[in-house]
Amino acid sequence: MKEKILVTGGTGYIGSHTSVELISDGFDVVIIDNLCNSEAIVVERIEQITGKRPRLNIFDICDKGKLDRFFEENSDIAAIIHFAAFKAVGESVYKPLDYYRNNLVSLIYLLDAMKKYNIPNMVFSSSCTVYGQPEKLPVTEESPIQPAVSPYGNTKQIGEEIIRDTAVANQNIKAIALRYFNPIGAHPSALIGELPRGIPENLVPFITQTAFGLREELRVFGDDYDTPDGSCIRDYLHVVDLAKAHVIAVKRLIEGGSKKNYEVFNLGTGEGVSVLEAIKSFERVTGIKLKYKITGRREGDIEKIWADPSYANKELGWKTVSTLDESMRTAWKWEKYIRSISQ
Ligand code: NAD
Ligand code: WQD
């Protein structure tokens with residue numbers, strides 16, 4: 001048995017896939033999640049995939065008393081992977097304090113606990129949202145950070161700064177911030193995947209729900225952008241590839257693979273894909289003709305962005321292996337699975 005890893009938000013979309021990869025690599029996984037955007041049954045699904053059920057502690061990380069009690073019983077944690085956060089960009093505009101409180105108070109309490117209980121390592125979920133609309137593409141880790149367009153995006157920028165300053169002031173705390181581009185797809189078993197509540201904001205869940213008949217049609221937000229087919233471009237990476245990067249990051253921290261005690265990595269495929277290309281990929285792998293129409297632009301949308309993942313390729317020895325088609329295939333398999341069990 002390898003070290004014990006605390007996965008906050010471990011029953012969520014990326015956290016559940018990462019828990020699978022950690023367990024498969026021999027790590028002992030403990031989860032904290034308050035189930036505000038996920039379900040407890042996910043740990044059973046993780047067990048079905050890996051043969052091991054991670055321990056789930058159900059409470060809010062912003063509850064300092066409960067967090068302290070947790071660490072008193074689990075002071076042997078080798079690293080924290082901190083996924084737990086609110087993530088709906090649109091909602092954050094209407095509920096900024098909820099986002100600042102949940103995403104930043106939780107982070108500060110975890111960093112406090114790292115100091116108090118001598119937990120040396122943290123991996124933090126950051127986002128390509130910190131780059132805004134970059135002037136130069138692809139985006140490297142040196143690309144300038146732009147003023148955030150939403151409170152959600154701001155929590156990621158401030159979160160990174162809080163961690164960096166804490167690591168500077170406490171040389172025995174090491175951290176890696178991972179800036180994800182657009183994670184999509186689901187585990188090939190279709191036992192775990194993304195579970196959006198209500199109407200999805202993100203493209204791929206909207207595509208799969210439309211194909212399933214839950215939504216009338218997909219609206220493509222604009223075809224008058226300065227891109228080859230006029231629709232926006234993103235860097236879509238398979239969630240299992242993303243999950244594997246977390247295992248590598250945790251090992252780098254635990255094994256002292258870097259001399260720096262704060263590092264940042266872009267995690268993407270390095271390829272830009274337009275909305276219309278994403279739809280074509282979905283149609284190709286499923287044989288379904290998707291109902292969609294071109295509408296006006298969505299406020300606040302970035303025109304085009306994709307990663308330069310070469311720093312992660314070189315330093316972490318990580319790169320994506322799944323294709324866009326594979327991501328779409330697993331996203332569709334997952335959509336069919338959740339609908340089959342919720343009927
Ligand atoms: P998710 O909502 O599926 O998972 C987050 C989990 O955290 C949920 O299970 C939720 O119940 C839990 N949680 C939230 N606040 C909590 C709290 N205060 N205490 C305990 N549990 C709490 O989201 P996800 O897509 O898996 O995202 C994980 C992380 O990655 C987030 O920090 C998100 O901002 C970041 N991120 C996500 C994307 C994306 O497109 N999904 C892109 C970039 C960054
Ligand atoms: C992708 C593309 C839309 C829905 C969000 C967050 C960002 C980060 C990643 C967390 C865009 C288009 C979408 C629809 C559409 N998350 N689209 N019709 O915009 O890259 O970013 O997720 O950190 O912070 O803002 O992802 O999936 O919403 O959109 O045409 O119904 O699909 O315009 O071009 P986005 P997305």
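Every number for a ligand or one of its atoms is a count from 1 in the order of the listing.
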Exercise. Return the residue, atom name and 0.1 Å-rounded distance of the protein heavy atom closest to atom 8 (C) of ligand 1.
Key: Asp33 OD2, 3.5 Å
Practice problem: Look at the aromatic rings of Tyr152 and Tyr99 and report parallel, tilted or perpendicular, splitting at 30° and 60°. | Solution: perpendicular
Exercise. Would you check whether Lys156 reaches within less than 4.0 Å of ligand 1, judged by its heavy atoms?
Key: yes
Exercise. Assign the ring pair His246 / Tyr180 to parallel, tilted or perpendicular, where the plane angle (0 to 90°) is split at 30° and 60°.
Key: perpendicular
Quiz item: Just checking, any donor-acceptor pair under 3.5 angstrom between side chains of Asn266 and Tyr131?
Solution: yes
Quiz item: Is the Phe181-Tyr236 ring centre distance short of 6.0 angstrom?
Solution: no
Self-check item: Part of Leu218 with heavy atoms under 4.0 Å of ligand 2, whether side chain, backbone, both or neither
Solution: side chain
Quiz item: In terms of atom number and element, which parts of ligand 2 are under 4.0 angstrom from non-hydrogen atoms of Cys232?
Solution: 34 (O)
Quiz item: Hey, which atoms in ligand 2 end up nearer than 4.0 Å to a heavy atom of Val220?
Solution: 30 (O)
Exercise. Looking only at non-hydrogen atoms, find the nearest pair between Ser231 and Val275 and report the distance.
Key: OG-N, 3.3 Å
Practice problem: Taking all heavy atoms of Ile119 and all of Ser75, pick out the closest pair and write down the distance. | Solution: CG1-O, 4.4 Å
Practice problem: Look at atom NZ of Lys64 and say whether more than 12 heavy atoms of other residues, nucleotides or ligands are closer to it than 6.0 Å. | Solution: yes
Quiz item: With respect to atom 33 (C) of ligand 1, which of Phe86, Tyr236, Tyr180, Tyr152 exhibits the smallest heavy-atom separation?
Solution: Tyr152
Quiz item: Has ligand 2 got any nitrogen or oxygen that is less than 3.5 angstrom from a nitrogen or oxygen of Leu203?
Solution: yes
Quiz item: Any idea which protein heavy atom is nearest atom 21 (O) of ligand 2, and the distance to it?
Solution: Asn182 ND2, 4.1 Å
Quiz prompt | Nearest option to atom 29 (O) of ligand 2, as decided by whichever heavy atom of Glu303, Glu217, Arg298, Arg179 sits closest | solution = Arg298
Practice problem: Would you kindly specify which portion of Glu201 sits under 4.0 Å from ligand 2, judged on non-hydrogen atoms: side chain, backbone, both or neither? | Solution: backbone
Quiz item: Under 4.0 Å from ligand 1, counting heavy atoms only, is it the side chain of Leu195, its backbone, both or neither?
Solution: neither
Quiz item: Given that the side chain starts at C-beta and the backbone is N, CA, C, O, which of these parts of Tyr225 lies under 4.0 Å from ligand 2, counting heavy atoms, or is it both or neither?
Solution: neither
Quiz item: Mind checking whether Trp334 and Tyr337 have parallel, tilted or perpendicular rings, split at 30° and 60°?
Solution: tilted
Quiz item: Which residue supplies the protein heavy atom nearest to atom 6 (C) of ligand 2, what is that atom called, and how far is it?
Solution: Val89 CG2, 3.5 Å
Practice problem: Give a yes or no on whether the backbone of Ser150 and the side-chain of Asn154 come within a donor-acceptor separation of less than 3.5 Å. | Solution: no
Self-check item: Donor-acceptor pair, side chain of Glu326 and main chain of Thr323, under 3.5 angstrom
Solution: no
Quiz item: Of all the non-hydrogen atoms in the protein, which one sits nearest to atom 36 (P) of ligand 2, and at what distance?
Solution: Asn202 ND2, 3.4 Å
Self-check item: Distance from atom 10 (C) of ligand 2 to nearest protein heavy atom, with residue and atom
Solution: Tyr152 OH, 3.0 Å
Quiz item: Can you tell me if Asp241 and Thr320 form a side-chain donor-acceptor pair at under 3.5 Å?
Solution: no
Quiz item: Going by heavy atoms, is Pro183 under 4.0 Å from ligand 1?
Solution: yes
Quiz item: So which heavy atom in the protein is nearest atom 2 (C) of ligand 2, and how far is it from that ligand atom?
Solution: Tyr236 OH, 3.4 Å
Quiz item: Does Ser126 come within less than 4.0 Å of ligand 1, judged by its heavy atoms?
Solution: yes
Quiz item: Is there any N or O on Phe221 that sits under 3.5 Å from an N or O of ligand 2?
Solution: yes
Quiz item: Which of parallel (below 30°), tilted (30 to 60°) and perpendicular (above 60°) describes Phe282 and Trp332?
Solution: perpendicular
Quiz item: How far apart are the C-alpha atoms of Lys2 and Asp28, what are their side-chain angles, what is the distance that settles it, and do they pass the salt bridge (Lys or Arg N to Asp or Glu O under 4.0 Å) test?
Solution: CA-CA 6 Å; Lys2 285 195 199 156; Asp28 180 19; over 6 Å; no
Quiz item: With a 4.0 Å cut-off on heavy atoms, is Lys87 touching ligand 2?
Solution: no
Quiz item: Hey, looking at atom 8 (C) of ligand 2, which of Ala85, Ser127, Ser92 has the closest heavy atom?
Solution: Ser127
Exercise. Show the numbers, then the answer: is there a salt bridge (Lys or Arg N to Asp or Glu O under 4.0 Å) between Glu141 and Arg179?
Key: CA-CA 9 Å; Glu141 290 78 0; Arg179 293 180 180 154; over 6 Å; no
Self-check item: Per-residue contact class, Val204 against ligand 2 - non-hydrogen pairs under 4.0 Å
Solution: neither
Quiz prompt | Closest to atom 24 (P) of ligand 1 among Arg101, His82, Lys87 (heavy-atom distance) | solution = Lys87
Quiz item: For atom 13 (N) of ligand 1, which candidate among Val89, Ile61, Asn34 holds the nearest heavy atom?
Solution: Asn34
Quiz item: To the nearest 0.1 Å, how far is atom 18 (N) of ligand 2 from its closest protein heavy atom, and which atom is that?
Solution: Arg219 O, 2.7 Å
Self-check item: With Glu303 via salt bridge (charged side-chain N to carboxylate O under 4.0 Å, His left out) - residues at least two apart
Solution: none
Quiz item: Asn182: heavy atom below 4.0 Å from ligand 1, yes or no?
Solution: no
Exercise. Identify the protein heavy atom lying closest to atom 24 (O) of ligand 2, giving its residue, its atom name and the separation to 0.1 Å.
Key: Thr129 CB, 3.4 Å
Self-check item: Taking every non-hydrogen atom, the tightest pair across Ile302 and Gly132
Solution: CD1-C, 3.4 Å
Exercise. Write out the residue and atom name of the closest protein heavy atom to atom 33 (O) of ligand 2, then the distance separating them to 0.1 Å.
Key: Asp301 OD2, 2.5 Å
